[in-house]
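What follows is a set of notes on a single structure, which appears directly below.
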Amino acid sequence: MISTKLTELLDIDHPVVCAPMGSVSGGRLAGAVTRAGGLGLVGVSYGDAAFIDEHVAQAAAAGGVWGVGCVMFTFDERPGLWDKVLGYAPPVIALSFGDAAQVHKYVASAADNGSHVVVQVHDPEQASVAVAAGASVLLAQGAEAGGHHASLATLPLVTAVLDVTGGEVPVVAAGGFADGRGLAAALALGADGVMMGTRFAATEESLATAGFKSHLVSARTADTVNTRSFDVVRGIPWDEAYQARSVSNDFTRTWTGRDAELAARRAEIEPQWTAAVARDDTSQRAMFAGEVLDQIRDIQPAAQVVHSVVADAEKILAGLAQRLAGPTPAA
């Protein structure tokens, strides 16, 4: 068993976190990861009352150490939904994508509700804000991640965030992790665990559609693209500092880099796009996935993912320790 500041703080068995992916990480997936000894997070994302009542309630009923993930800048625009989330008393709340004022506001509110608060950061300055706000855990997300991310790569970002925290706050690495090698590497850097998204999207319990899961298995890392097109067509006001990595398809090939034109024609295109998503048209829908796609070969139960990642990391770390110790002297 691998013990870190993260496992000790949250009282979980394994330093493995399931990313709170919108429309992918539901109550069933979060519960499966939690039962396997990791931290399962429900992807509340932008906030939807019906989704919260179904999936957060499901995770809460399953018990254990579970949590929710919320995108801060959108909760300001949806009165009442934050209180709905807090009403389920999640042991952990993971916050992402907010300005300094929003970080302070939501960290304080979540902490007052009795939750451990994870704050996702993308540069050392954001890390300093999160620490000052009282975050329980920092999540350093690099540009290798699927979905929305900034520009710094994971390895230098994690080390920079560790320098900010000085070991006082657990740091979880995200962006580019899918197996035990990644967990071992993150721990070697000094991180206290990893968050994985794409690997958990490709599990039996995830809410990803059949078409989406098929592409997670068949697509390769070279097939991904950074794009703002899915945000523009949905009318979601993302800061231009962030793009979203997705498996490329006809929609991204048509609209990536043409944000202004897509925005101007949104009234025409959005209904067609929404209808395509409803029928799981993978030539049009978003299929957010990270640079780990080369490592995804199959759909697995979430518990198998957790256990294999940890077991492989333990073997790698033990082997590394043996190598560094050098050969055993002859008797």
Side-chain angles (χ1 to χ4, degrees), residues 1-20 30 33-41 64-69 90-96 103 106-108 110-111 113-142 145 152 154-177 179-197 200 305-307 309-318 320-321:
M1 186 174 294
I2 298 172
S3 178
T4 70
K5 293 186 185 72
L6 179 73
T7 61
E8 293 170 1
L9 175 70
L10 301 183
D11 194 22
I12 58 177
D13 293 334
H14 307 305
V16 176
V17 182
C18 173
V33 172
T34 289
R35 285 191 301 273
L39 172 62
L41 298 175
V65 181
W66 60 278
V68 299
V92 178
I93 294 181
L95 302 171
S96 59
V103 171
Y106 285 107
V107 168
N113 200 60
S115 301
H116 293 291
V117 189
V118 179
V119 177
Q120 181 171 300
V121 300
H122 307 91
D123 57 47
E125 291 74 26
Q126 290 182 354
S128 296
V129 169
V131 170
S136 311
V137 178
L138 296 195
L139 171 67
Q141 187 217 42
L152 295 183
T154 301
L155 192 152
L157 174 62
V158 169
T159 54
V161 171
L162 287 166
D163 288 343
V164 171
T165 64
E168 296 299 316
V169 179
V171 174
V172 174
F177 300 101
D179 60 18
R181 294 170 295 182
L183 174 56
L187 295 173
L189 280 176
D192 298 287
V194 294
M195 175 181 281
M196 303 190 305
F200 281 118
V305 171
V306 174
H307 294 149
V309 165
V310 173
D312 289 348
E314 289 174 337
K315 291 178 183 177
I316 291 166
L317 293 171
L320 180 60

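Please read all numbers here as calculations on a predicted model, not as lab measurements.
The only option from Val309, Val172, Thr154, Leu183 that meets the side chain to side chain contact (heavy atoms under 4.5 Å, CB included) definition with Phe177 turns out to be Thr154.
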Discussion item. Run the side chain to side chain contact (heavy atoms under 4.5 Å, CB included) test on Phe200 and Leu41 for me, step by step, so that the C-alpha distance in whole Å, both residues' side-chain angles and the decisive distance to 0.1 Å come before the verdict.
Written reply: CA-CA 11 Å; Phe200 281 118; Leu41 298 175; over 6 Å; no
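Screening residues 5-20 for side chain to side chain donor-acceptor pair (under 3.5 Å), with sequence neighbours left out, gives Ser3-Glu8.
Rounded to the nearest 0.5 angstrom, Ile316 CD1 and Asp179 CG are separated by 7.0 Å. To the nearest 0.5 Å, atom CD1 of residue Ile12 and atom OG1 of residue Thr4 are 7.0 Å apart. Asp192 contributes atom CG, which lies 12.0 Å from atom CG of Leu139 (distance to the nearest 0.5 angstrom). Annotation: the span from His116 atom NE2 to Leu10 atom CG amounts to 5.5 Å, rounded to 0.5 Å. Here Met195 contributes atom CE and Leu39 contributes atom CG; the two are 7.0 Å apart, rounded to the nearest 0.5 Å. Rounding to the nearest 0.5 Å places CD of Gln126 at 10.5 Å from OG of Ser96.
Across every non-hydrogen atom of Ala313 and Ile2, the tightest pair is CB-CD1, 4.1 Å. In this structure, Ala140 and Leu157 approach most closely via the heavy-atom pair C-CD2, 3.9 Å. The nearest pair of heavy atoms linking Ala160 to Pro124 is CB-CG, 3.7 Å. Contact between Ser115 and Pro90 at its shortest, heavy atoms only, is OG-O, 2.6 Å. Scanning both residues, Ala173 and Ala186, for their nearest heavy atoms gives CB-CB, 4.1 Å. Minimum heavy-atom separation, Val119 to Ala130: CG1-CB, 3.7 Å.
When side chains are defined from C-beta on, Leu152 does not count as touching His122, because their heavy atoms never get closer than 4.5 Å. Looking at heavy atoms from C-beta onward, Leu95 lies out of side-chain contact with Val103 at the 4.5 angstrom threshold.
Remark: the backbone N or O of Glu125 is paired with a side-chain donor or acceptor of Asp123 at under 3.5 angstrom. In terms of modelled atom types and a separation under 3.5 Å, the side chain of His307 and the main chain of Ala36 share a donor-acceptor contact. Side chain of Asp312 to backbone of Lys315: no donor-acceptor contact under 3.5 angstrom is found. A donor-acceptor contact shorter than 3.5 Å links the side chain of Thr34 to the backbone of Val65.
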